[in-house]
There are 2 protein chains.
Amino acid sequence: MSTAAAGGTRARLLDAARELIEQDGYSAASVLQVAERAGVAAGTLYRHFESKEELFVEVFRDVCTGEERAMLAAGDALQAAGSRSAIACLEEVLATFARRALRNPRLAWALLAEPVDPLVDAERLAYRMRYTAYVAQSLRRAIADREIPGLDVEFTAAAVVGGCGAALVGPLAPSSGTPAPDAVVASLRAFVRRAVGAGLGGLTDAR
Amino acid sequence: MSTAAAGGTRARLLDAARELIEQDGYSAASVLQVAERAGVAAGTLYRHFESKEELFVEVFRDVCTGEERAMLAAGDALQAAGSRSAIACLEEVLATFARRALRNPRLAWALLAEPVDPLVDAERLAYRMRYTAYVAQSLRRAIADREIPGLDVEFTAAAVVGGCGAALVGPLAPSSGTPAPDAVVASLRAFVRRAVGAGLGGLTDAR
DNA sequence: GTACGCTGTGAATCACGATTCACACACCCG
DNA sequence: CGGGTGTGTGAATCGTGATTCACAGCGTAC
């Protein structure tokens, strides 16, 4: 398994798949299209992946992992900058999520809401659960620190994640006319604060 | 077009389609299955509907219209009972949405999140937009009445609708062990209040 | 009674994209 | 140099459901 030569084509296929999704969504990313864009024949794809689904599972995994890293990094950066507030941190993480989603709407839509094949859907669900778990953890910390009142952590986490996703792809699906990313991010921050029950006092530590 | 005789079979097909969705979701509702359950041959379906998609568009429309009616009725009832609070009203509407979704999880999942064919998806989107518009309207009223602070109405409406949907189908998809409908509804009410910025004071009028 | 139109039938057909496979080509190893 | 292995090709094949259509049955109009 000489990962050198094989890796080249493999990587090219992964890139082609991601690019197709970014441009026209999952539905436009057929095996033929991916192969063509990668500059190989359809059969070649099957030298490197068990099936179309496996290829896209890997694409999703890669992209979601990257997003996760970026989000967590934003949270950590804020913490490193001296913030002790779990909610401020969470807000920063979700704002990062939003900024990145707004920068790549089509990809965000594919990642969050577009119909995809079962295995890929499972991968998406797994990541959504990770995000939700992270939010839940933040909420628990915030409650312990008396930043926010007690609440149903699991429900709220799911609702916040779902709400942010829906509010971001909503403005995307109808492809409304460039609703000013900064304004959207600001609205999302405000929504998150309210949804988790953070009074204005919560800001003190954050900014 | 003798709607009498034709209506019988037509209605039977619509019922069969809905029942199949309720039992096993949209993916299990093939033309053959629907026809069999309705007690007719596959070809008969095409005597009454242009295509599979048209059939299911009608199913979705019927069900969603029914849900909408039930929700609005709950809101109106509260208002008729003397409540003057737009938020209490909205809360009641969404709680009704939740109660009904929890009673018929599979259907709710199909309506909210399951992959469906494009035309059906468009119908789903249209209804989601109606619900969102209703929420937005309620928020505007509440803001005008000083029930809640000013906020990005469009964003918040989308986020609340999306959040409620996600939090409800989340507990359903993995078919978690009966998480006590009443508790879920209570959590949802609390979430909605917080998300729209309704302080505890908002309750005064409601209950 | 017969012509006509509406329903119903279900096996055959079609569409469409994923998947396979017999056939190269290139490179390395002995 | 003769195998052997990894990689690439792309036309043919497959699978899955939706859709069609030639052939009834049946009621109504005339």
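Chain identifiers are assigned alphabetically (A, B, ...) following the order of the sequence lines, protein sequences preceding nucleic acid strands; residue numbering begins at 1 within each chain.
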- Reckon B:H48 has a side-chain N or O less than 4.0 Å from the OP1 or OP2 of C:dC6? no

- Whole-Å distance between C:dC6 P and B:R10 CZ? 16 Å

Quick test: give all pairs of protein nitrogen or oxygen and nucleotides 17-19 of chain C nitrogen or oxygen below 3.5 Å, distance rounded to 0.1 Å.
| residue | atom | partner | partner atom | Å |
| --- | --- | --- | --- | --- |
| C:dA18 | OP1 | A:K52 | NZ | 2.7 |
| C:dA18 | OP2 | A:V31 | N | 2.9 |
| C:dT19 | OP2 | A:Y46 | OH | 2.6 |
| C:dT19 | OP2 | A:K52 | N | 2.9 |
| C:dT19 | O5' | A:Y46 | OH | 3.3 |

- Roughly, in whole Å, what's the span from CG in B:L45 to P in C:dC6? 19 Å

- Message: Applying salt bridge (Lys or Arg N to Asp or Glu O under 4.0 Å) as the test, list every pair that has at least one member in residues 93-104 of chain A; sequence neighbours left out.
- Response: A:E67-A:R100, A:E92-A:R99

Strictly under 3.5 Å: I want the nitrogen or oxygen pairs between protein and nucleotides 22-24 of chain D, one per line.
none

- Message: Just the rounded figure in Å: distance from P of D:dA18 to CD of B:E36.
- Response: 13 Å

- Task: In whole angstrom, give the distance that lies between atom CD of B:Q33 and atom C1' of D:dT16.
- Result: 14 Å

- Message: Tell me which residues in residues 19-28 of chain B lie within less than 4.0 Å of DNA chain C, going by non-hydrogen atoms.
- Response: none

- Query: Quick one: salt bridge (charged side-chain N to carboxylate O under 4.0 Å, His left out) partners of B:R141, sequence neighbours excluded?
  - Reply: none

- Distance from B:D76 atom CG to B:L72 atom CG, nearest 0.5 Å? 6.5 Å

- Contacts of B:S187 that satisfy side-chain hydrogen bond (donor to acceptor under 3.5 Å, both in side chains) - sequence neighbours left out: A:D152

- Only counting residues at least two apart or in another chain, list the ones meeting salt bridge (charged side-chain N to carboxylate O under 4.0 Å, His left out) with A:D121. A:R124

- Which nucleotide in the list C:dG10, D:dG8, C:dG8 gets nearest to the side chain of B:T44? C:dG8

- Query: What integer distance in Å separates B:F49:CZ from C:dT7:P?
  - Reply: 12 Å

- Query: Applying the side-chain contact (heavy atoms from CB on, under 4.5 Å) test to A:V40, which of A:L45, A:V34, A:L13 qualifies?
  - Reply: A:L13

- Query: Quick one: salt bridge (charged side-chain N to carboxylate O under 4.0 Å, His left out) partners of B:D24, sequence neighbours excluded?
  - Reply: none

- Message: For B:L14, give me all partners under side-chain contact (heavy atoms from CB on, under 4.5 Å), at least two apart in sequence or on another chain.
- Response: B:F49, B:L55, B:E58, B:V59, B:D62

- Query: Considering residues at least two apart in sequence or located in another chain, which fulfil the side-chain hydrogen bond (donor to acceptor under 3.5 Å, both in side chains) criterion with B:D117?
  - Reply: B:Y26

- Got a sec, which pairs hit salt bridge (Lys or Arg N to Asp or Glu O under 4.0 Å) with one end in residues 30-54 of chain B, sequence neighbours left out? B:E19-B:R37

- Message: Going by side-chain contact (heavy atoms from CB on, under 4.5 Å), name the residues that satisfy it together with B:T65, two or more places apart in sequence or in a different chain.
- Response: B:R61, B:R69, B:Y127

